[in-house]
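This report refers to the structure that appears directly beneath it.
Within every chain, numbering begins at 1; the chains are lettered A, B, ... in the order of the sequence lines, protein sequences first and strands thereafter.
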Amino acid sequence: MPELPEVETTCRGIAPHCVGHRITGMVVRQHRLRWPIPRNLPQQVTGSKIHTVTRRGKYLLLTLDHGTLILHLGMSGSLRIVDADTPADKHDHVDIIINGKRCLRLHDPRRFGAVVWTAGAVTQHKLFKHLGPEPLSELFTDAYLHERARKRTCNIKTLIMNANIVVGVGNIYACEALFMAGIRPTLRADKLSRPRCARLVIAIQDVLRQAIKAGGTTLRDFTDGDGNPGYFKQQLHVYDREGQACHQCGHPVKRVITVNRSTYYCSHCQR
DNA sequence: CTTTTGACCTGACAGC
DNA sequence: TGCTGTCAGGTCAAAA
């Protein structure tokens, strides 16, 4: 479910309830997520203070006294702040109890999410070492994208969804950004001119910023830290709109499969 | 090295 | 009602 705007929305929602507070317990009801949660993790984190809550790509990072808790929401995950005595629902796999009275609760039906602990520097962690720049940072420029695309034969949509190139861009926002930039998703990456790279960088940044402003996109089940959906779905131009009229030209939106993912575009507006 | 494919899971929905 | 097949916001590891 969650791409960068949804993770950012979650991050902003939970941070005020976490930062500066102490973890007084952790309950793991289901250890089998993307990677098994270590049996001794609750004892590792209990008693620690939460110093910061930040986002890197689609990962959430909770820095504690002696290390960092890395959370990922996978396809169907969400995090909420609830009272500690709220009965757990189906798929409520992990609770991080805060000050004994509230808890940060991970809900994830498909279990593609993850809870990972690292005592070392996060930037050196296997999962983070090779990540590309944040798309909303000054490091993500037309020059950078053009350089990384220059020798690639994969299609441009696959390239911008590659976290080693740029983080946070998933299936929805890749489709939307390519529409906004007027670029066909199936175009070979090495065929993209420098000016078109510039358009694409701007489009990615615009769509992510607008989606963050709307609290993310709720297609099925995304909710923020307080349980509310995101409202960006109403602003989608192509994603999940197969056969419907293009908002710019009226031609029906097409759907094709690339690398096993549905890809939506307007064959008239995108070349 | 890059690119492609399979794998991991549950649930919703369409069609029979 | 209930079965089967398809699809879904991600991404890692192995194969090609």
I want to verify a distance call: between B:dG11, C:dC12, C:dG10, whose nearest atom is closest to the A:Trp35 side chain? C:dC12
In whole angstroms, how far is the [atom2] atom of [N] from the [atom1] atom of [X]?
{"X": "A:Phe112", "N": "C:dA8", "atom1": "CZ", "atom2": "P", "result": "13 Å"}
{"X": "A:His31", "N": "B:dC9", "atom1": "NE2", "atom2": "P", "result": "16 Å"}
{"X": "A:Asn162", "N": "B:dT2", "atom1": "CG", "atom2": "C1'", "result": "10 Å"}
{"X": "A:Lys151", "N": "B:dT3", "atom1": "NZ", "atom2": "P", "result": "12 Å"}
{"X": "A:Asn260", "N": "B:dT3", "atom1": "CG", "atom2": "P", "result": "17 Å"}
{"X": "A:Leu73", "N": "C:dG10", "atom1": "CG", "atom2": "P", "result": "11 Å"}
{"X": "A:Asp108", "N": "C:dG10", "atom1": "CG", "atom2": "P", "result": "13 Å"}
{"X": "A:Leu219", "N": "B:dA12", "atom1": "CG", "atom2": "P", "result": "15 Å"}

Keeping A:Arg255 on the side-chain end and A:Tyr264 on the backbone end, is there a donor-acceptor pair under 3.5 Å? no
Without swapping roles, check the side chain of A:Glu3 against the backbone of A:Tyr173 for a donor-acceptor pair under 3.5 Å. yes
Nearest nucleotide by nearest heavy atom, which residue falls closer to the 5' end of DNA chain C, A:Arg110 or A:Leu127? A:Arg110
Quick one: is [N] close enough that its OP1 or OP2 comes under 4.0 Å of any side-chain N or O from [X]?
{"X": "A:Arg255", "N": "C:dA8", "result": "yes"}
{"X": "A:Arg261", "N": "C:dG10", "result": "yes"}
{"X": "A:Lys126", "N": "C:dA13", "result": "yes"}
{"X": "A:Lys90", "N": "B:dG11", "result": "yes"}
{"X": "A:Arg32", "N": "B:dC9", "result": "yes"}
{"X": "A:His72", "N": "C:dT11", "result": "yes"}
{"X": "A:Tyr59", "N": "C:dT11", "result": "no"}
{"X": "A:Ser76", "N": "C:dG10", "result": "no"}
{"X": "A:Thr153", "N": "B:dT2", "result": "no"}
{"X": "A:Lys58", "N": "C:dG9", "result": "no"}

Those residues that, when tested against A:His237, pass ring-ring contact (aromatic ring centres under 6.0 Å, His included) (two or more places apart): A:Phe179, A:His247
Check this for me: does the side-chain of A:Arg34 come within 3.5 Å of the base of C:dT11 through a donor and an acceptor? yes
For B:dC9, does the base pair up with any side-chain atom of A:Arg111 as donor and acceptor (N or O, under 3.5 Å, distance only)? no
Pairing pattern in dot-bracket form [Watson-Crick, G-U; both distances under 3.5 Å; | = partner strand] for DNA chain B: .|||||||.|||||||
A:Asp65/A:Lys49 salt bridge by N-O under 4.0 Å criterion: no
Between B:dC9 and C:dC3, how far is it from one P atom to the other, in whole Å? 23 Å
C1' spacing across the pair B:dT3 / C:dG9, given as an integer number of angstrom: 23 Å
Taking for A:Arg148 and for A:Val259 the nucleotide of DNA chain B with the nearest heavy atom, the one nearer the 5' end belongs to A:Arg148
Does the side chain of [X] come under 3.5 Å of the side chain of [Y] through a donor N or O and an acceptor N or O?
{"X": "A:Asp108", "Y": "A:His93", "result": "no"}
{"X": "A:Asn155", "Y": "A:Thr158", "result": "yes"}
{"X": "A:Thr186", "Y": "A:Tyr265", "result": "no"}

Heavy atoms only: give me the nearest A:Arg80-A:Asp224 pair and the separation to one decimal. CG-O, 3.8 Å
Which class fits the ring pair A:Phe128 and A:Tyr59: parallel under 30°, tilted 30 to 60°, perpendicular over 60°? tilted
Look at all strands and tell whether A:Ser262 reaches a base, only sugar-phosphate, or nothing, counting heavy atoms closer than 4.0 Å. sugar-phosphate
